[in-house]
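Encoded as structure tokens, the structure appears first; notes follow it.
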Amino acid sequence: MTIKVILTDIEGTTTDIRFVHDVLFPYARQALPAFVKGHWNDAVVQSIMAEAKLVLEAPDADQTTLIQAFINWIDQDKKVTALKTLQGLIWVQGYKNGDFTGHLYQDAYEYLQRWNEQGIELSVFSSGSVKAQQLLFGHSDFGDLTPLFSHYFDTTTGHKREKAAYVSIASALQQLPENILFLSDIVEELDAAQSAGMKTCLLAREELPENATHNAVSSFESISV
Ligand SMILES: CSCCC(=O)C(=O)COP(=O)(O)O
Ligand SMILES: [Mg+2]
């Protein structure tokens, strides 16, 4: 394989799903009402609220209604860009206080470093906002890993189950899609990347599937580049 860029998902791929669902999401859920009330007049929060009103098709939604909508989206794990942007802002405090560090599998840490040393460009594509991605890798269990990555992409580029997102990413990376290897734990995301021409690898951390339609591994150690 001649891979020039490795594009990686976070949740379920570099990072345990349980860290996202049992630590990050509950932290955001608990801190969200006070954060929104305390930063209500900040331009960035007003812009997030305007985006949420569009999604809700409720131009007159008040603060209480909006807070409840964000809580519902967290509970339903909705990948709404407005929620993802807000969560990124809320998590700043948690990482800064040392309430948690970004979980990373040991093999992900070792191989991201190794590929970087080999001259393979590393980029991230997650539904979490770019800010959230940089917080997680910047305050990871292994320290600040942000220097390893050249680009970060989130849902402002496109949705992870849609081919167009991967076409845009290849273009932003100035690479042919076939030179990019996308790593994810979600088959639908890999299908979309593959349809854009990217190489793909499924991270099946718990159990390897029997009839995988993508190359499947349980650890970064088994990924051939
Ligand atoms: C970037 S850390 C937070 C992860 C997150 O909010 C999320 O929705 C996970 O999405 P992914 O695309 O990485 O599965
Ligand atoms: Mg994932």
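Counting from 1, the numbers follow the sequence of the chain as shown. Fair warning: this is a prediction, and the values are worked out from it, not measured in the lab. When a ligand or atom number is given, it counts from 1 through the structure's own listing order.
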* Structure fact -> Residues Tyr166 and Glu189: closest non-hydrogen pair is OH-O, 3.5 Å
* Asked: Taking all non-hydrogen atoms of both residues, which atom of Leu202 and which atom of Pro209 are closest, and how far apart?
  -> CD2-CG, 3.7 Å
* Asked: Do NZ/NE/NH1/NH2 and the carboxylate oxygens of Asp16 and Arg205 come within less than 4.0 Å?
  -> no
* His139/Phe137 aromatic ring centres below 6.0 Å -> no
* Number of protein N, O or S atoms [distance to the Mg ion (ligand 2) under 2.8 Å] -> 3
Under 3.5 Å, which donor-acceptor pairs do the side chains of residues 32-50 form with other protein atoms, sequence neighbours left out?
residue: His39; atom: ND1; partner: Phe35; partner atom: O; Å: 3.0
residue: Gln46; atom: NE2; partner: Trp40; partner atom: O; Å: 2.7

Can you list, pair by pair, the side-chain donor-acceptor contacts under 3.5 Å of residues 78-87, counting residues two or more places apart and other chains?
residue: Lys79; atom: NZ; partner: Asp77; partner atom: OD1; Å: 3.0
residue: Thr81; atom: OG1; partner: Thr155; partner atom: OG1; Å: 2.8
residue: Lys84; atom: NZ; partner: Gln87; partner atom: OE1; Å: 3.0
residue: Thr85; atom: OG1; partner: Thr81; partner atom: O; Å: 2.8

* **Candidate list Ile223, Leu183, Val124, test side-chain contact (heavy atoms from CB on, under 4.5 Å), partner Ile6, passing option** => Leu183
* Option among Tyr105, Phe220, Tyr111, Tyr109 that satisfies the side-chain contact (heavy atoms from CB on, under 4.5 Å) test with Thr14 -> Phe220
So what's ligand 1 close to, N/O to N/O, under 3.5 Å?
residue: ligand 1; atom: 6 (O); partner: Lys84; partner atom: NZ; Å: 2.9
residue: ligand 1; atom: 8 (O); partner: Lys79; partner atom: NZ; Å: 2.7
residue: ligand 1; atom: 8 (O); partner: Lys84; partner atom: NZ; Å: 2.8
residue: ligand 1; atom: 12 (O); partner: Asp9; partner atom: OD1; Å: 3.4
residue: ligand 1; atom: 12 (O); partner: Ser127; partner atom: N; Å: 2.8
residue: ligand 1; atom: 12 (O); partner: Ser127; partner atom: OG; Å: 3.1
residue: ligand 1; atom: 12 (O); partner: Lys160; partner atom: NZ; Å: 2.5
residue: ligand 1; atom: 13 (O); partner: Asp9; partner atom: OD1; Å: 3.0
residue: ligand 1; atom: 13 (O); partner: Glu11; partner atom: N; Å: 3.1
residue: ligand 1; atom: 13 (O); partner: Ser126; partner atom: OG; Å: 2.8
residue: ligand 1; atom: 14 (O); partner: Asp9; partner atom: OD1; Å: 3.3

* Linking I/L/V/M/F/W/Y whenever their side-chain heavy atoms sit closer than 4.5 Å, directly or via other members, would Val23 and Val92 fall into one cluster? -> yes
